[in-house]
Participant: 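This is the structure I have questions about; it appears just below.
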2 protein chains.
Amino acid sequence: MAERAPRTPAHPRPVVSLAEVEAGSPAQRDRRRRILEATLALATKGGFDAVQMRAVAERAGVALGTLYRYFPSKVHLLVAGLALELGRVLERIERAPVAGDTAADRVLLVLHRNTVALQRDPHLTEAMTRAFMFADTSVAEEVRQVSRLTERMLTHAMGVEEASEEDKDIARVIGDVWLSNLVAWVTHRASAEDVENRLALTVRLLLSARDR
Amino acid sequence: MAERAPRTPAHPRPVVSLAEVEAGSPAQRDRRRRILEATLALATKGGFDAVQMRAVAERAGVALGTLYRYFPSKVHLLVAGLALELGRVLERIERAPVAGDTAADRVLLVLHRNTVALQRDPHLTEAMTRAFMFADTSVAEEVRQVSRLTERMLTHAMGVEEASEEDKDIARVIGDVWLSNLVAWVTHRASAEDVENRLALTVRLLLSARDR
DNA sequence: CCCAATACTAGAACAGGTTGCAATTCTCGT
DNA sequence: ACGAGAATTGCAACCTGTTCTAGTATTGGG
């Protein structure tokens with residue numbers, strides 16, 4: 001990719017800050033929705049490379065400059081898409097307790113379901129994981145949000161009422177391993193089975209103590 | 001308690017295959033060396049963005065087309081640089097047993113030393129970790145080499161004579177967590193202290209069982 | 001030593017992310 | 001309803017990774 005040397009920020013701050021997705025006029029919310037929709041559609045069809053800024057803008061029916069006003073870079077755009085999707089998933093998961101007798105079982109169940117879902121849309125998964133991993137400091141806030149969502153998903157699966165610091169740490173470690181394995185799967189360095197096995201091992205080692 | 005001391009192999013294997021180092025005429029080997037040298041110098045000075053293909057070519061004294069003949073993309077180039085550096089580190093580490101009474105102690109020591117070294121060259125670290133994470137399937141072979149080097153480094157630190165599959169799995173999990181935390185540090189989402197703490201937790205949870 | 005194959009060079013050209021800008025359209029407070 | 005300021009548009013331009021070409025230098029097998 002051709003990333004230009006950093007200079008003075010070109011466009012004013014994005015209209016919609018991460019904290020208040022609901023902000024802006026209805027027209028603006030709709031533009032934002034169309035942009036993310038276009039992004040996810042293109043990513044699903046052809047992965048990271050297919051998410052071309054001109055193509056996203058055209059498909060969303062906005063000018064290129066407007067796209068950049070809403071999302072200051074391609075990586076911001078994709079990570080925002082990831083956060084959106086992850087938020088939907090989390091909402092569904094938190095609606096009910098996870099089945100399973102032990103924390104390890106429940107975490108593995110949640111990981112398994114998500115992994116299977118991600119593997120069903122390999123291009124989308126590739127686009128989002130690569131953007132997430134490539135994100136630099138300017139995307140830190142969005143990346144942090146994704147991390148928080150993942151952490152919540154895993155602590156919820158662990159089934160702790162109020163997550164202690166150590167609970168959160170363990171969730172983070174599991175999340176790190178999950179992500180690394182997704183990357184390995186996306187780049188064909190690990191099979192779906194490898195991913196499941198490694199997650200199972202990690203969870204067993206990290207969580208088995210709490211169930212006895 | 002204190003388990004068997006880790007042992008240095010009598011004749012350490014070279015970290016890169018001879019075929020690779022030995023390939024080509026002396027002039028070609030020298031060009032390759034100059035290219036990687038230029039890459040690391042630019043990365044050290046300005047990170048991922050400063051490693052510009054035209055700049056690397058000029059600094060190495062080769063034409064742009066030649067640079068692409070040696071390394072088919074910027075990511076290949078940087079990951080090759082990473083493998084080179086990691087190979088040097090591994091060579092030094094494997095020369096002697098690692099100090100420490102338990103596998104956990106030794107692994108933490110090795111991780112600590114490397115983490116400190118990486119944090120001394122933040123731009124270089126940023127360039128290499130981002131390239132590594134952004135690598136797509138065409139770089140799989142180089143990425144795999146880096147993974148193997150990391151795995152060897154960690155199993156060596158664990159001090160096992162002959163790494164079992166589970167040993168390797170554990171090493172891989174630790175490597176994954178290490179990498180994730182480096183990325184988090186590079187992007188200012190985690191402090192140096194955070195990284196050390198999380199690695200300590202991970203190693204404790206994954207390795208404490210083997211030391212009792 | 002000679003020649004064909006291969007490698008190298010300089011530079012143009014192309015692709016896609018990002019920025020700049022002038023003109024137009026919206027929005028909103030009064 | 002009105003006018004100022006903000007948002008949007010349509011394009012052109014710019015930057016850097018990557019590819020291509022035509023010409024020149026090296027090299028290795030005979």
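The figures here come from the full heavy-atom set of this structure, side chains too, leaving out hydrogens, waters and symmetry mates. In what follows, chains carry the letters A, B, and so on, assigned in the order in which the sequence lines appear, proteins first and then strands, with residues in each chain numbered from 1.
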Participant: Classify V56(B) by what it touches in the nucleic acid, base, sugar-phosphate, or nothing, heavy-atom distance under 4.0 Å.
Facilitator: nothing
Participant: Under 3.5 Å between N/O atoms: give me all the protein pairs with nucleotides 2-10 of chain C, atom names plus distance.
Facilitator:
residue	atom	partner	partner atom	Å
dA7(C)	OP2	R69(B)	NH1	3.1
dC8(C)	OP1	R31(B)	NH1	2.6
dC8(C)	OP1	Y70(B)	OH	2.9
dC8(C)	OP2	R69(B)	NE	3.4
dT9(C)	OP2	A63(B)	N	2.9
dT9(C)	OP2	T66(B)	OG1	2.5

Participant: Does the salt bridge (Lys or Arg N to Asp or Glu O under 4.0 Å) test come out yes or no for E85(B) and R88(B), once each step is laid out?
Facilitator: CA-CA 5 Å; E85(B) 291 274 274; R88(B) 287 177 185 154; 2.8 Å; yes
Participant: For M53(A) and dG10(D), give me the distance from atom CE to atom C1', rounded to whole Å.
Facilitator: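 Rounded to whole Å, this separation is 17 Å.
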Participant: How about E58(A): does its CD atom have over 12 heavy atoms from other parts shown lying under 6.0 Å from it?
Facilitator: no
Participant: I want to check something: taking the side chain as every heavy atom from C-beta on, are S138(B) and H76(B) in contact at a cut-off of under 4.5 Å?
Facilitator: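 Answer yes - side chains close enough.
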Participant: Figure out the NZ/P separation between K74(B) and dT16(D), and round it to whole Å.
Facilitator: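 For the pair K74(B) NZ and dT16(D) P, the rounded distance is 9 Å.
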Participant: State whether F134(A) and K74(A) meet the cation-pi test: NZ (Lys) or CZ (Arg) under 6.0 Å from the six-membered ring centroid, and within 45° of the perpendicular axis.
Facilitator: no
Participant: In whole angstroms, how far is the C1' atom of dT16(D) from the CG atom of L42(B)?
Facilitator: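 So the CG-C1' distance, L42(B) to dT16(D), works out to 14 Å.
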Participant: What's the CZ-P distance between R29(A) and dT8(D), to the nearest Å?
Facilitator: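 The distance from CZ of R29(A) to P of dT8(D) comes to 13 Å, rounded to the nearest Å.
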Participant: Roughly, in whole Å, what's the span from CG in D49(B) to P in dT18(C)?
Facilitator: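 It works out to 11 Å between those atoms.
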Participant: Find out whether H112(B) and E196(B) are in side-chain contact, i.e. whether some heavy atom of one side chain is under 4.5 Å from a heavy atom of the other.
Facilitator: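 The answer is yes; the side chains approach within 4.5 Å.
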Participant: Mind calculating the distance between CZ (F134(A)) and C1' (dG17(C)) to the nearest angstrom?
Facilitator: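 Taking atom C1' of dG17(C) as the reference, CZ of F134(A) is at 11 Å.
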Participant: Applying side chain to side chain contact (heavy atoms under 4.5 Å, CB included), name anything that partners N114(A), two or more places apart in sequence or on another chain.
Facilitator: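 Result, side chain to side chain contact (heavy atoms under 4.5 Å, CB included) vs N114(A): V89(A), I93(A), V110(A), M153(A), W178(A).
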Participant: Measure from CD1 on I35(A) to C1' on dT8(D) and round the result to the nearest Å.
Facilitator: 11 Å
Participant: Atom CZ of R54(A) to atom P of dA13(D): distance rounded to whole Å?
Facilitator: 13 Å
